[in-house]
Structure formats: C-alpha cells, structure tokens
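Before any comments, here is the structure.
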Amino acid sequence: MISQDKAAQQHAHTLDVVCKFFELMHRKEIDAWGELWHEDGRIIVFYPPEGFGSSIDGKAEILKAFRGLFANFKSFDYELTGLYPAADSDAVVVEYEPRATLVDGTEYANSNIAVFRFKHGLIDVYHDYFDPRRFQVVVDALPKPS
C-alpha cells in the first residue's frame with residue numbers, strides 16, 4: 001500500500017508532467033517533450049481521422065510522428081479546461097481545447113479529452129479523444145509519404 005505522502009508526491013509529479021507536456025508542445029520543443037515519455041510509450045487515438053493511425057507505439061515513433069506533425073504548425077496553443085488526477089491510480093484525465101495555425105494559414109480548433117498513464121514517472125500511455133472531422137484539416141496538411 002502506498003503512503004499518503006507518497007501518493008501526494010506521485011500526483012504532484014504526474015500533474016507537473018502533464019502541464020509540461022502541453023507547454024512544451026506550445027513552444028514546439030518536441031525533443032524536450034520527448035523526454036517526458038517512457039521508451040515503451042504509446043499514443044492511442046480511438047477515433048482517428050482518415051489517413052491517421054489508431055496508435056503510435058514506442059517513444060522513437062512518437063517523436064518521429066510529432067516532429068512531422070509540429071513542423072506543419074505555425075503556432076500551437078491550448079487551454080486546459082479540466083485537470084483530474086485519479087484518486088487510486090497514476091492516471092490523469094485532462095480536458096483541453098487545442099488551437100493551432102498551420103503553416104498554410106489554415107486554422108484548427110477542437111475540444112479534447114486525454115487520459116495519461118505513467119510508468120516510472122514518465123508517460124506510458126496517452127489516450128486522446130477528439131472530433132476526427134475537425135482534426136482532418138491537420139492530417140490533410142501533412143506531407144504525403146513518397
């Protein structure tokens with residue numbers, strides 16, 4: 001059984017990681033953002049838009065995908081509208097509203113719910129729920145593989 005002090009420290013750490021996650025994306029510092037991930041990290045997208053996978057597996061693949069994704073963003077902003085650490089686990093649920101301008105001037109906005117899970121203090125699994133129809137403009141702007 002985990003002590004109350006240890007649980008409080010764990011919650012504080014996971015909340016700090018979640019806040020850094022968004023701030024580093026805002027600054028487009030993807031290499032520093034990558035340091036928040038466990039080597040076996042996984043992103044799960046339950047409702048992916050056309051041309052976007054339902055998961056990205058492994059820290060190296062996550063970094064590769066997000067370097068490409070963020071290369072298409074002129075700017076990325078967000079508003080955290082809810083931050084809910086689970087009382088009995090390492091999970092953190094976040095409600096947020098991303099807003100971005102793509103390099104071609106296209107505007108993107110959505111309303112997301114994300115679930116973070118941690119391993120050894122690093123992000124292990126990230127579930128992101130969003131309207132795939134809105135995200136389609138971002139996917140459509142990605143360079144096509146040659």
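- The heavy-atom pair separating Gly121 from Val17 by the smallest distance is O-CG2, 3.9 Å.
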Using distance only, find each side-chain donor-acceptor pair of residues 43-51 under 3.5 Å and give its atom names and separation, not counting sequence neighbours.
none

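- The backbone N or O of Ala91 lies less than 3.5 Å from a partner atom in the side chain of Ser89, making a donor-acceptor pair.
- For the pair Val125/Phe116, no side-chain contact is recorded, criterion being any heavy-atom separation below 4.5 Å from C-beta on.
- Between Asn112 and Pro98, the closest side-chain pair of non-hydrogen atoms falls below 4.5 Å.
- The local environment of CZ in Arg99 is crowded, with over 12 non-hydrogen atoms from other residues, nucleotides or ligands closer than 6.0 Å.
- In this structure the side chain of Tyr126 never reaches within 4.5 angstrom of the side chain of Ile62, judged on heavy atoms.
- When each of Trp33, Trp37, Phe73 is checked for a ring pair (Phe, Tyr, Trp, His ring centres under 6.0 Å) with Phe66, only Trp33 meets the rule.
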From CA spacing to verdict: ring pair (Phe, Tyr, Trp, His ring centres under 6.0 Å), Phe135, Phe130: CA-CA 8 Å; Phe135 192 66; Phe130 53 86; 5.1 Å; yes
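- With rounding to the nearest 0.5 angstrom, the OH atom of Tyr84 is 4.0 Å from the CD atom of Glu95.
- In this structure, the salt bridge (Lys or Arg N to Asp or Glu O under 4.0 Å) partners of Asp31, at least two apart in sequence or on a different chain, are Arg67.
- Atom CG of Leu69 is separated from atom NZ of Lys28 by 10.0 Å, given to the nearest 0.5 angstrom.
- Linking Ile, Leu, Val, Met, Phe, Trp and Tyr whenever their side-chain heavy atoms come within less than 4.5 Å puts Leu80 and Met25 in one cluster.
- Glu79 is linked by a salt bridge (Lys or Arg N to Asp or Glu O under 4.0 Å) to nothing, counting only residues two or more places apart in sequence or in another chain.
- Within the structure, no pair that satisfies the salt bridge (charged side-chain N to carboxylate O under 4.0 Å, His left out) test touches residues 100-109, not counting sequence neighbours.
- The side-chain heavy atoms of Asp40 and Lys59, taken from C-beta on, include no pair separated by under 4.5 Å.
- No continuous path of ILVMFWY side-chain contacts below 4.5 Å connects Val92 to Val115, so the two sit in separate hydrophobic clusters.
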Full working for side chain to side chain contact (heavy atoms under 4.5 Å, CB included) between Gln10 and Asp90: CA-CA 7 Å; Gln10 182 180 22; Asp90 65 351; 3.6 Å; yes
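- Judged as a side chain to side chain donor-acceptor pair (under 3.5 Å), and not counting sequence neighbours, the contacts of Lys20 are Asp16.
- We find that Arg117 and Asp124 are not joined by a salt bridge, their nearest charged nitrogen and carboxylate oxygen being 4.0 Å or further apart.
- Between Leu63 and Gly34, the shortest heavy-atom distance links the atoms CD2-CA, 3.4 Å.
- Ile113 places none of its side-chain heavy atoms less than 4.5 Å from the side chain of Val94.
- Judged purely by atom type and a 3.5 angstrom limit, Thr14 uses its side chain to pair as donor or acceptor with the backbone of His11.
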Residue pair Thr81, Ser111: steps toward the side chain to side chain contact (heavy atoms under 4.5 Å, CB included) verdict: CA-CA 10 Å; Thr81 57; Ser111 184; over 6 Å; no
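- Counting only heavy atoms from C-beta outward, the side chains of Leu102 and Lys74 never approach each other to under 4.5 Å.
- Qualifying side chain to side chain donor-acceptor pair (under 3.5 Å) partners for Tyr108, counting only residues two or more places apart in sequence or in other chains: Asn110.
- Here CG of Asn72 is found 10.0 Å from OG1 of Thr106. Values are rounded to the nearest 0.5 Å.
- Ring centers of Tyr96 and Tyr78: at least 6.0 Å apart, outside the cut-off.
- Taking NE2 of His26 as the start and CZ of Phe76 as the end, the distance is 9.5 Å to the nearest 0.5 Å.
- Under a hydrophobic clustering in which Ile, Leu, Val, Met, Phe, Trp and Tyr are joined whenever their side-chain heavy atoms come within less than 4.5 Å, directly or via other members, Leu83 and Tyr129 fall into different clusters.
- Listed for the His120 side chain is no donor-acceptor partner under 3.5 Å among the backbone atoms of Leu122.
- When the side chains of ILVMFWY residues are joined at heavy-atom separations under 4.5 Å, either directly or via intervening members, Leu24 and Val18 end up in a single hydrophobic cluster.
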